[in-house]
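Worksheet for the structure shown next.
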Amino acid sequence: SAMFINKLLEFSPTQLGAFRKELLSELSYSKTTGLLTWRKARVGVKPGKVAGHTNRLGYVQIGFKNTLWLAHQLIWLMVKNEVAQEIDHKDGVPQNNKWLNLRGVTHAQNNWNKKGRKDSTSGHRGVSFQHGKWRAYITVNRSNQIHLGRFSKKEEAVTARLEAEKKHFNQYKYGSL
């Protein structure tokens, strides 16, 4: 969810407290299903109805107080009574808002958990075909690109990259729930 600015970061502590109180009175969150449901009847909404819709990027958005919010940001505030810089979906599924699938992270940590690009020559992050060889590399702390070597076989470059991921990012990769 790095593409969305968390508007809650702009709230003062007083505004945040009042907003959270309203959220808790209007919405109910199930940690096990990850769903937010409306507590009270609203125009066209019965109590218990699942709140929000899935946007084109797969995130659940909820209209609340004349603003569209990302559900996972509201959930974090409701449960933790704080605002995270960013929230990572550990399994990489943006509509899975089960509590055990969410974690507060920095922007850099959230980037480590990104899926590979669709236009990738190798199908793997940090592996590219250059000058007749497969190059493996990893970027740590935004600007420090570490060259992992050039390999004649793609599988060797992928292995080098995966080893580097374990060393540098271990708990932020998909599947490390």
Side-chain angles (χ1 to χ4, degrees), residues 1-9 29-36 50-62 68-177:
S1 41
M3 296 156 71
F4 300 96
I5 303 296
N6 189 343
K7 294 172 257 188
L8 296 172
L9 292 166
Y29 171 63
S30 166
K31 287 183 175 184
T32 52
T33 66
L35 298 175
L36 285 164
V50 174
H53 68 279
T54 303
N55 71 15
R56 64 184 176 76
L57 297 174
Y59 293 95
V60 177
Q61 285 186 303
I62 295 173
L68 266 183
W69 301 93
L70 291 171
H72 56 276
Q73 294 172 345
L74 298 180
I75 289 164
W76 197 265
L77 176 62
M78 291 167 74
V79 174
K80 300 274 284 182
N81 195 18
E82 66 182 32
V83 179
Q85 181 186 342
E86 290 189 20
I87 300 161
D88 179 41
H89 293 80
K90 294 179 196 176
D91 66 359
V93 179
Q95 63 267 41
N96 179 2
N97 288 318
K98 293 176 183 169
W99 186 246
L100 291 177
N101 191 45
L102 302 177
R103 61 181 160 198
V105 291
T106 65
H107 182 68
Q109 289 165 339
N110 208 12
N111 279 338
W112 295 336
N113 202 2
K114 271 188 190 163
K115 292 189 170 104
R117 291 172 49 122
K118 288 186 178 84
D119 62 356
S120 165
T121 55
S122 69
H124 297 273
R125 273 177 75 103
V127 175
S128 62
F129 193 71
Q130 294 179 342
H131 310 295
K133 295 260 186 189
W134 290 99
R135 177 179 178 251
Y137 60 93
I138 195 163
T139 304
V140 182
N141 298 330
R142 285 196 184 165
S143 60
N144 183 16
Q145 189 176 92
I146 301 166
H147 176 71
L148 304 172
R150 293 189 186 282
F151 305 88
S152 50
K153 293 185 178 154
K154 179 169 84 169
E155 296 73 28
E156 295 168 336
V158 170
T159 300
R161 167 63 190 216
L162 292 173
E163 292 297 319
E165 285 177 8
K166 281 183 200 156
K167 179 181 173 188
H168 294 283
F169 312 146
N170 58 0
Q171 76 267 38
Y172 298 103
K173 289 298 296 169
Y174 291 135
S176 59
L177 305 175

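Atom CG of Leu148 sits about 13.5 Å away from atom CD of Glu156, to the nearest 0.5 Å. Distance check, rounded to the nearest 0.5 Å: CG of Asn55 to CD of Gln61 gives 4.0 Å. Separating the CH2 atom in Trp76 from the CG atom in Asn81 is a distance of 12.5 Å, to the nearest 0.5 Å. To the nearest 0.5 Å, atoms CD (Gln145) and NE2 (His147) are separated by 9.5 Å. Asn101 CG to Asn96 CG: the interatomic distance, rounded to the nearest 0.5 Å, is 4.0 Å. Here CG of Asp88 is found 4.5 Å from CZ of Arg103. Values are rounded to the nearest 0.5 Å.
Relative ring orientation between His72 and His89 is described as perpendicular, the plane-to-plane angle rising above 60° on a 0-90° scale split at 30° and 60°.
The only option from Leu35, Val60, Asn97, Ile62 that meets the side chain to side chain contact (heavy atoms under 4.5 Å, CB included) definition with Ile75 turns out to be Asn97.
Residues forming a side chain to side chain contact (heavy atoms under 4.5 Å, CB included) with Glu155 (at least two apart in sequence, or on another chain): Lys153. For His131, the side-chain hydrogen bond (donor to acceptor under 3.5 Å, both in side chains) criterion is met by no residue, not counting sequence neighbours. Judged as a side chain to side chain contact (heavy atoms under 4.5 Å, CB included), and not counting sequence neighbours, the contacts of Thr32 are Ser30.
The backbone N or O of Leu100 lies less than 3.5 Å from a partner atom in the side chain of Lys90, making a donor-acceptor pair.
Contact annotation: the side chain of Thr54 never approaches that of Tyr59 to less than 4.5 Å [non-hydrogen atoms, C-beta and beyond]. In this structure the side chain of His53 reaches within 4.5 angstrom of the side chain of Leu68, judged on heavy atoms.
Between Trp134 and Phe129, the distance separating the two ring centers is shorter than 6.0 angstrom.
Annotation for Tyr29 and Leu36: closest pair CB-CD2, 3.6 Å, computed over non-hydrogen atoms.
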